[in-house]
Amino acid sequence: MEASSEFDQTGRMEVGECNRINIIEVKALTKVFNDKVRAVDNISFSVKKGEILGFLGPNGAGKTTTLNMLSTLLRPTSGSATVNGHDILQNPDAVRRSIGYVFQDPTLDIELTGRENLDFHGRLYKLKRDVRQQRNKEMLEIVQLTDRADDLVKTYSGGMKRRLEIARGLLHHPQVLFLDEPTLGLDPQTRRSIWEHIQRLNQDKQVTIILTTHYTEEADYLAERILIIDFGKIVALDTPDQLKAQLEGDIVSLTFKDPKEVPKIRPLLEKKDWVRRVNVVASGNSQGTLSRMMHMMRGMSDGVGMGGMMTGMNSGSMGGGRKMPKHVQQMMTQGMTNESGQHDLNQGSKGLNLLVDDGGHRIPEIVKLAEKTGAVLESVELHKPTLDDVFLSVTGRDIRDERGSFMEMVRRHRIMRHARGRQVRG
Ligand SMILES: Nc1ncnc2c1ncn2[C@@H]1O[C@H](COP(=O)(O)OP(=O)(O)OP(=O)(O)O)[C@@H](O)[C@H]1O
Ligand SMILES: [Mg+2]
C-alpha cells in the first residue's frame, strides 16, 4: 500500500484541547470510480468532537465523494473510517443515526410546506408523533422559520430553503452534521445569516460539522481547521492562521493591460532571488475565468445566449445546429486547467501573483522591470497572504476561478431552473 498522506495526525490543536475526543477518524480512505477516476486517494484525517472542519477544494477534488463515503451512501474502494465510534462499513445504521447531511443539490419537496418537509423526514427516522412535533418546533425556531412554517416551500427564498434543509438535517439530533456547500449561489447577506446559524448550532448544540465550500472567507470565518483537497489528496490541513503563516512573505498582485505581457515578464520575475513564487491568475482583481470565457463566447457567437449553450452543452452544440469551437468544448469537458495546473485560458490571463520577501520595498523594482519590457501595469496591490493565496499556493489554481467557473455557473443555473420549473408547474 502507498504511504498515507502526511496529514495523518489530528493536526494542530490549542493547548488544553488535546483531551477532546476524535468523533471522526479516517484512515487511507480511497474511492476509484469505474476503475479509472481516483476521486479520493488514500486520505487520512480526524475531526475532534465539537470542531468545525472546513473542506476546501477545486471542482472535482473529491469533497462530496468523501462526505458520501463518511455518510455510508458510497462504499469506499479501500480504507476505513469511523463516525461517532461506529465503523462506516461494519455499522452503517449506527453511523446514519449519528449524522445529518445537507446535500450539495437541493432535495426539499417544494410542493410541501416547511413543516411537512420536516415531518416527512421525522417519519423516515421513525420519530414518534409527539417527538416529531416537538422537534419540528425546535428546529424551525433555530433556523427562524416558525412564521413561514406552513407556507409552501416553493414560496421560500433560496436562503430560507437552505435554512430549512439545515433544520431537516438536525431533526434527529445528530452528533455530526455534513454540510455540502451550504451557501452555494446565495447572496452575501443570506450567506452571512447562514454562517451565524451554523456557528450557533456548533456552539449551543456542540454539533461537530464538516463543511465543504468554495468560499475561502466562509472557511476562514467558520472553521477551526481547514483541509484542502486536490485531485483526491489532502494538500493542506491546519488552522486558518497557521496556513496563512506558512506563506512567509507578502503577496504582490499585478494586473497588466495586455495579457500578452504576462508570459514575457513572468520568467524575468522568477529569476529574482527575492521572488519565492509566481502564479498566473485571471488578474489581481478581476472576475476570473468566467469573464474571459463570456468575452470569448460573445466574440464568436451572434445572438446565441447562455440558454442555447446550456441546452447544447453535452453535445458540443450551441443550439440552432451550430457547433461550439473545439477549445470551448475542451474547456467544458476537461475543466479549466491542464495537468501542470496551468490555465487553458492563460493566454487571456492578465494577472500575476508574486510571493515576495519584503513586498513593500520591492514594488519600485517590479514597476521598473515592467517598464523595461514595455508592459503597461493596470494595478499593483500588496497584501498579507490570505486563504485564497494559500489555496493558490497548494493547488496552483485560483479559487476565484473555481467558484466562478463555467461548470459552477451551469450548476447554479440548473438549481435555479429546477426551482423555477417546479414553481411554474405548481
Ligand atoms: N458516481 C460517479 N461516477 C463516476 N465518477 C464520479 C462519480 N461521482 C463523482 N465522480 C468523479 O469523482 C471526482 C470527484 O467528484 P466530487 O463530486 O467528489 O468532487 P467535489 O470536490 O465535490 O467537486 P465540486 O466542488 O464540483 O462539488 C470527479 O472527477 C467526479 O467526476
Ligand atoms: Mg461537491
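Just so we're clear, the structure is a prediction, and the values are computed from it rather than from any experiment. Excluded from the calculations below are hydrogen atoms, water molecules and symmetry mates; all remaining heavy atoms, backbone and side chain alike, are included. Order of appearance sets the numbers: ligands from 1, and atoms from 1 within every ligand.
The distance criterion of under 3.5 Å between nitrogen or oxygen atoms is met by G60 with respect to ligand 1. Considering both main-chain and side-chain atoms, G62 comes within under 3.5 Å of ligand 1 through a nitrogen or oxygen pair. Residue G57 has no nitrogen or oxygen atom sitting less than 3.5 Å from a nitrogen or oxygen atom of ligand 1, judged on distance alone.
Taking the charged nitrogens against the carboxylate oxygens, E224 and R20 do have a contact shorter than 4.0 Å, which makes a salt bridge. Salt bridge absent: D93 and R97 never bring a charged side-chain N and a carboxylate O closer than 4.0 Å. Between K244 and D220 a salt bridge is recorded (basic side-chain N to carboxylate O distance below 4.0 Å). A salt bridge is defined here as a Lys NZ or Arg NE, NH1 or NH2 lying under 4.0 Å from an Asp or Glu carboxylate O, and E138 with K205 meets this definition. Look at K161 and E165 and you find no salt bridge, because none of the NZ, NE, NH1 or NH2 atoms lies under 4.0 Å from a carboxylate O.
Heavy-atom proximity to A61, at under 4.0 Å, picks out these atoms of ligand 1: 19 (O), 20 (P), 21 (O). Close contacts between ligand 1 and H214 involve ligand atoms 25 (O) [criterion: under 4.0 Å to a heavy atom]. Residue contact check: A39 has heavy atoms under 4.0 Å from atoms 12 (O), 13 (C), 14 (C) of ligand 1. Atoms of ligand 1 lying under 4.0 Å from at least one heavy atom of E181, given by number and element, are 25 (O), 27 (O). Every atom of ligand 1 with a heavy atom of Q104 under 4.0 Å away is listed here by number and element: 27 (O).
Here the closest non-hydrogen pair linking R162 and D180 is NH2-O, 3.1 Å. Closest approach of R148 and Y156 over heavy atoms only: O-OH, 2.6 Å.
The aromatic rings of Y101 and F178 lie perpendicular to each other, with more than 60° between the two planes, well past the 30° mark.
Contact annotation: Q104 places an N, O or S atom under 2.8 Å from the Mg ion (ligand 2). Counting backbone and side-chain atoms alike, T212 contributes no N/O/S atom closer than 2.8 Å to the Mg ion (ligand 2).
Residue contacts with ligand 1, taken as heavy atom pairs separated by less than 4.0 Å, involve V37 solely via side-chain atoms from C-beta onward.
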